[in-house]
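Please read the structure below before turning to the comments.
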Amino acid sequence: TQSTRPQRLLGAVQKNATRGDPRSVVQAIDQFCRQKEWAMNVGDEKGCILDSVVSEVNPATVLELGTYCGYSTVRIASLLPPHAKLITLEFNPDFAAIARQVIAWAGLEDKVHLVEGASGDWIPKMTEQFGVKTFDLVFLDHWKDRYLPDTMLMEECGLLRKGSILLADNVICPGTPDYLEYVRSSPRYESQYFKSHLEYTKVEDGLEKSVFLG
Ligand SMILES: Cn1ncc2cc([C@H](O)c3cccc(CNC(=O)c4cc(-c5ccc(F)cc5)cc(O)c4O)c3)ccc21
Ligand SMILES: [Mg+2]
């Protein structure tokens, strides 16, 4: 039977990356996506912006919406301080299965809690299920029409505190117009656009960093 693209991406990691070396996992995926098959990872160019925001925030609690194959999960988790926790939500079981193996290959399973399920169902359960009061950093990379409703849901559930950072992928391509309008016009957020390119292409895209002001 035919393999899927995520399965072929995992194969490239297992073939070309060193177990326990997150940077080599990231490099193997980027090489696969540039040379073999495009895939919707945040990629190396936007990934450097992601790295700089994670390093600056130095978060103890991170929520990632949309794991896919675990590329950004590995980038973020490899930069976290010792007892920090990254919870990543993936509703597609096939993606989740691949992501678990990519995260394990990188040796980061102790820092990552991959939850199989939809953001709308799990955001209200974060505190009771994982003992998380608030998130220092949220990386949004799931369905683009869910960025706004899930941000409002996180506000309602009290998961954001004064200074929490939202970092959103694809605000230009595919685009998240209603989310952008909200975080850029709301007095409760201070937003900044980091211009970049759609992963592995010359098409414009970017990340929007928004600080929740409480
Ligand atoms: C509710 N809920 N809760 C958890 C959760 C998890 C998921 C999945 O991880 C999932 C599945 C399919 C699509 C996405 C969103 N990602 C994208 O659609 C995307 C597209 C492109 C692009 C750009 C140009 C193109 F020509 C084609 C694709 C570039 C990008 O970086 C993307 O992130 C995410 C979905 C809903 C979920
Ligand atoms: Mg994306």
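Keep in mind the model is a prediction, meaning the values are calculated, not measured.
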Inset, instruction - Would you indicate whether Glu45, at its atom CD, is surrounded by more than 12 heavy atoms from other residues, nucleotides or ligands within a distance under 6.0 Å? - result: yes
Inset, instruction - Would you check if the side chain of Trp105 reaches a backbone N or O of Leu10 as a donor-acceptor pair within less than 3.5 Å? - result: no
Legend entry - Exercise: identify the closest heavy-atom pair between Leu160 and Phe212: CB-CD2, 3.6 Å
Legend entry - Inter-residue atom distance Leu63.CG - Ile87.CD1, 0.5 Å rounding: 6.5 Å
Inset, instruction - Verify, without hydrogens or angle tests, whether Lys111 (side chain) and Pro81 (backbone) share a donor-acceptor contact under 3.5 angstrom. - result: yes
Inset, instruction - Begin from the C-alpha positions of His142 and Tyr147 and carry the test ring-ring contact (aromatic ring centres under 6.0 Å, His included) through to its verdict. - result: CA-CA 7 Å; His142 59 335; Tyr147 284 25; 5.5 Å; yes
Inset, instruction - Please name the pair of heavy atoms, one in Gly158 and one in Thr134, separated by the smallest distance, quoted to 0.1 Å. - result: O-CG2, 3.6 Å
Legend entry - Modelled atom types, side-chain donor and acceptor of Asp44 and Tyr200, under 3.5 Å: no
Inset, instruction - Could you grab the distance from atom CZ of Arg75 to atom CG of Leu79, nearest 0.5 Å is fine? - result: 8.0 Å
Legend entry - Candidate list Leu50, Asp169, Thr88, test side-chain contact (heavy atoms from CB on, under 4.5 Å), partner Ser72, passing option: Leu50
Legend entry - Carboxylate-amine/guanidinium contact Glu56 Lys209, below 4.0 Å: yes
Inset, instruction - Indicate yes or no: at least one non-hydrogen side-chain atom of Pro187 is less than 4.5 angstrom from one of Leu213. - result: no
Legend entry - Side chain proximity check, Ser164 to Leu137, heavy atoms < 4.5 angstrom: no
Inset, instruction - Taking all heavy atoms of Glu64 and all of Thr73, pick out the closest pair and write down the distance. - result: OE1-OG1, 2.6 Å
Inset, instruction - Apply the test side chain to side chain contact (heavy atoms under 4.5 Å, CB included) to residues Glu208 and Arg184: give CA-CA distance (whole Å), side-chain angles for both, the deciding distance (0.1 Å), then the verdict. - result: CA-CA 9 Å; Glu208 187 84 358; Arg184 289 177 174 177; 2.8 Å; yes
Legend entry - pair Asp178-Tyr182: side-chain heavy atoms closer than 4.5 Å: no
Inset, instruction - Kindly compute the distance separating OG1 (Thr127) from NZ (Lys133), expressed to the nearest 0.5 Å. - result: 9.0 Å
Inset, instruction - Begin with the C-alpha distance, continue with both residues' side-chain angles, and end with the deciding distance and a verdict on side chain to side chain contact (heavy atoms under 4.5 Å, CB included) for Phe139 and Val53. - result: CA-CA 10 Å; Phe139 181 56; Val53 171; over 6 Å; no
Using distance only, find each side-chain donor-acceptor pair of residues 11-22 under 3.5 Å and give its atom names and separation, not counting sequence neighbours.
| unit_1 | atom_1 | unit_2 | atom_2 | d |
| --- | --- | --- | --- | --- |
| Asn16 | ND2 | Ala12 | O | 3.1 |
| Asp21 | OD1 | Arg23 | N | 3.1 |
| Asp21 | OD1 | Ser24 | N | 3.2 |

Inset, instruction - Taking the side chain as every heavy atom from C-beta outward, state whether Thr151 and Leu140 have any pair of such atoms under 4.5 Å apart. - result: yes
Legend entry - Neighbour count above 12 (heavy atom, 6.0 Å) for Glu109 CD: yes
Legend entry - Value rounded to 0.5 Å, distance of CG in Leu207 from CD1 in Ile49: 5.0 Å
Legend entry - Heavy-atom side-chain proximity of Val25 to Tyr71 below 4.5 angstrom: no
Legend entry - Salt bridge flag under 4.0 Å for residues Lys195 and Asp205: no
Legend entry - Nearest non-hydrogen partners of Ser3 and Arg8, listed with the distance: O-NH1, 2.7 Å
Legend entry - Straight-line distance of Asp110 CG to Leu86 CG, nearest 0.5 Å: 13.0 Å
Inset, instruction - Any pair with a residue in residues 150-163 that passes salt bridge (charged side-chain N to carboxylate O under 4.0 Å, His left out), sequence neighbours left out, goes on the list, sorted by first then second residue, please. - result: Asp136-Arg161, Arg146-Asp150, Glu155-Arg188
Inset, instruction - Please write out which residues are connected to Trp143 in a hydrophobic cluster, directly or through intermediates, given that two of Ile, Leu, Val, Met, Phe, Trp, Tyr count as joined at side-chain heavy-atom separations below 4.5 angstrom. - result: Phe91
Inset, instruction - Would you name the heavy atoms of Asn41 and Cys69 that are closest together and state the gap between them? - result: ND2-CB, 4.5 Å
Legend entry - Hphob cluster co-occupancy, Ile123 + Ile165, side-chain heavy atoms under 4.5 angstrom: no
Inset, instruction - Check Gln101 against Ala97 and note the closest heavy-atom contact, atom names and distance. - result: NE2-O, 3.1 Å
Inset, instruction - Check the hydrophobic clustering (I, L, V, M, F, W, Y; side-chain heavy atoms under 4.5 Å; chains of links allowed) and say if Val171 and Leu148 are grouped together. - result: no
Inset, instruction - Report, as yes or no, whether the 6.0 Å neighbourhood of atom NZ on Lys36 holds more than 12 heavy atoms from other residues, nucleotides or ligands. - result: no
Inset, instruction - Check whether any side-chain heavy atom of Val102 lies under 4.5 Å from a side-chain heavy atom of Ile29, and answer yes or no. - result: yes
Legend entry - Separation of Cys33 SG from Leu9 CG (nearest 0.5 Å): 5.5 Å
